[in-house]
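Because only heavy atoms are used, hydrogens play no part in the values below, and waters and symmetry mates are left out as well, while side chains stay in.
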Amino acid sequence: MLLRGAISAPLPPCLRFGQARVRALPRSVSVASSSPYGGDYPLSVSDEALESRGFLLRRDAEGLDLDELNAVFVAVGFPRRDPEKIRLALEHTQAVLWVEHRRTRRPVAFARATGDGVFNAIIWDVVVDPSFQGIGLGKAVIERLLKELLGRGISNIALYSEPRVLGFYRPLGFVADPDGIRGMVYSRRQNKK
């Protein structure tokens, strides 16, 4: 999916900052973004409004409990991940945003972006704890991530999404397969003996 712009080919693995690769599910769809807003991407809810509702926005991984984050991943259907690999992935992440529930001190929404820091970024691991879905936390995280990336001058922003949640990204400016462009994911098949 593309946010009103063009998508370029993903970087080859040898140029990907040594990130730990998580095998993509075959039902993923490529999405990407390029915005007319520049770094002034509009927010639907202010940081103060989120805080008044009991949520704290975090813009780095400091204080993020990886076991609790893993629990959110599992709750939304992602496979459980090795916490050391999550830590390594976060070390190679250019932008991270997560929402902490003030009362429980647990992460309830999360997204991160990697890329070249100049032209391209890919948004990964967008999750909202099912108990907190439908109240605008996912939208708040994506809006702020887009604002940060666009503010850095990065205009080609891609993400992968399961088809059932494409409707969530469309109002945020993302479009699927712009101009007939299709994303591809390398899949190494295991030979059965």
Task: CA sep, side-chain torsions, deciding dist, call: Ser161, Leu159, side chain to side chain contact (heavy atoms under 4.5 Å, CB included) - done: CA-CA 7 Å; Ser161 173; Leu159 65 85; 3.8 Å; yes
TODO: For the pair Val118 and Ile154, evaluate side chain to side chain contact (heavy atoms under 4.5 Å, CB included) and give the outcome as yes or no after the intermediate values.
DONE: CA-CA 6 Å; Val118 180; Ile154 299 169; 5.9 Å; no
TODO: Show your working on side chain to side chain contact (heavy atoms under 4.5 Å, CB included) between Asp82 and Asn70 and close with a plain yes or no.
DONE: CA-CA 9 Å; Asp82 177 345; Asn70 223 350; over 6 Å; no
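Contact check on Arg106 versus Asp129 returns no salt bridge, with no Lys/Arg side-chain nitrogen under 4.0 Å from an Asp/Glu carboxylate oxygen. Salt-bridge formation is not detected for the pair Lys147/Glu143: no Lys NZ or Arg NE/NH1/NH2 atom is positioned less than 4.0 Å from an Asp or Glu carboxylate oxygen.
When the salt bridge (Lys or Arg N to Asp or Glu O under 4.0 Å) test is applied to Arg105, the partners found at least two apart in sequence or on another chain are Glu100.
Gln133 places a side-chain N or O within 3.5 Å of a backbone atom of Val128 that can act as its donor or acceptor partner. Side chain of Trp98 to backbone of Val141: no donor-acceptor contact under 3.5 angstrom is found. With hydrogens and angles disregarded, no donor-acceptor distance shorter than 3.5 Å links the side chain of Thr93 to the backbone of Val96. One N or O on the side chain of Arg53 and one on the backbone of Ile135 form a donor-acceptor pair closer than 3.5 Å.
Expressed to the nearest 0.5 Å, how far CG of Leu97 lies from CG of Leu137 amounts to 12.0 Å. Annotation: the span from Asn120 atom CG to Ser155 atom OG amounts to 8.0 Å, rounded to 0.5 Å.
A heavy-atom distance below 4.5 Å is not found between the side chains of Phe174 and Leu166. Counting only heavy atoms from C-beta outward, the side chains of Val99 and Pro107 never approach each other to under 4.5 Å. Within the 4.5 Å cutoff, no side-chain heavy atoms of Gln94 are placed close to those of Arg112. Side-chain contact check for Phe110 versus Val127: some heavy-atom pair is nearer than 4.5 Å.
A continuous path of Ile, Leu, Val, Met, Phe, Trp and Tyr side chains, each step under 4.5 Å between heavy atoms, connects Leu66 with Val76, placing both in one hydrophobic cluster. Note: the hydrophobic cluster containing Val165 also contains Ile142 (ILVMFWY, side chain heavy atoms under 4.5 Å, direct or indirect links). Val72 and Val126 fall into different hydrophobic clusters, where Ile, Leu, Val, Met, Phe, Trp and Tyr side chains are chained together by heavy-atom contacts under 4.5 Å. Residues Ile123 and Tyr169 share a hydrophobic cluster, clusters being chains of Ile/Leu/Val/Met/Phe/Trp/Tyr side chains in contact below 4.5 Å. The cluster map of Ile, Leu, Val, Met, Phe, Trp and Tyr, joined by side-chain heavy atoms under 4.5 Å apart, puts Leu90 and Leu145 in different clusters.
Pairing each heavy atom of Phe168 with each of Lys139, the nearest pair is CZ-N, 3.5 Å. Contact between Arg144 and Ser46 at its shortest, heavy atoms only, is NH2-C, 3.3 Å. Considering all non-hydrogen atoms of both residues, Leu57 and Arg59 come closest at CB-NH1, 4.0 Å.
Taking a 6.0 Å sphere around CZ of Phe78, one finds it holds more than 12 heavy atoms contributed by other residues, nucleotides or ligands.
Both tests pass for Arg81 against the ring of Phe73: distance under 6.0 Å to the centre and angle within 45° of the axis.
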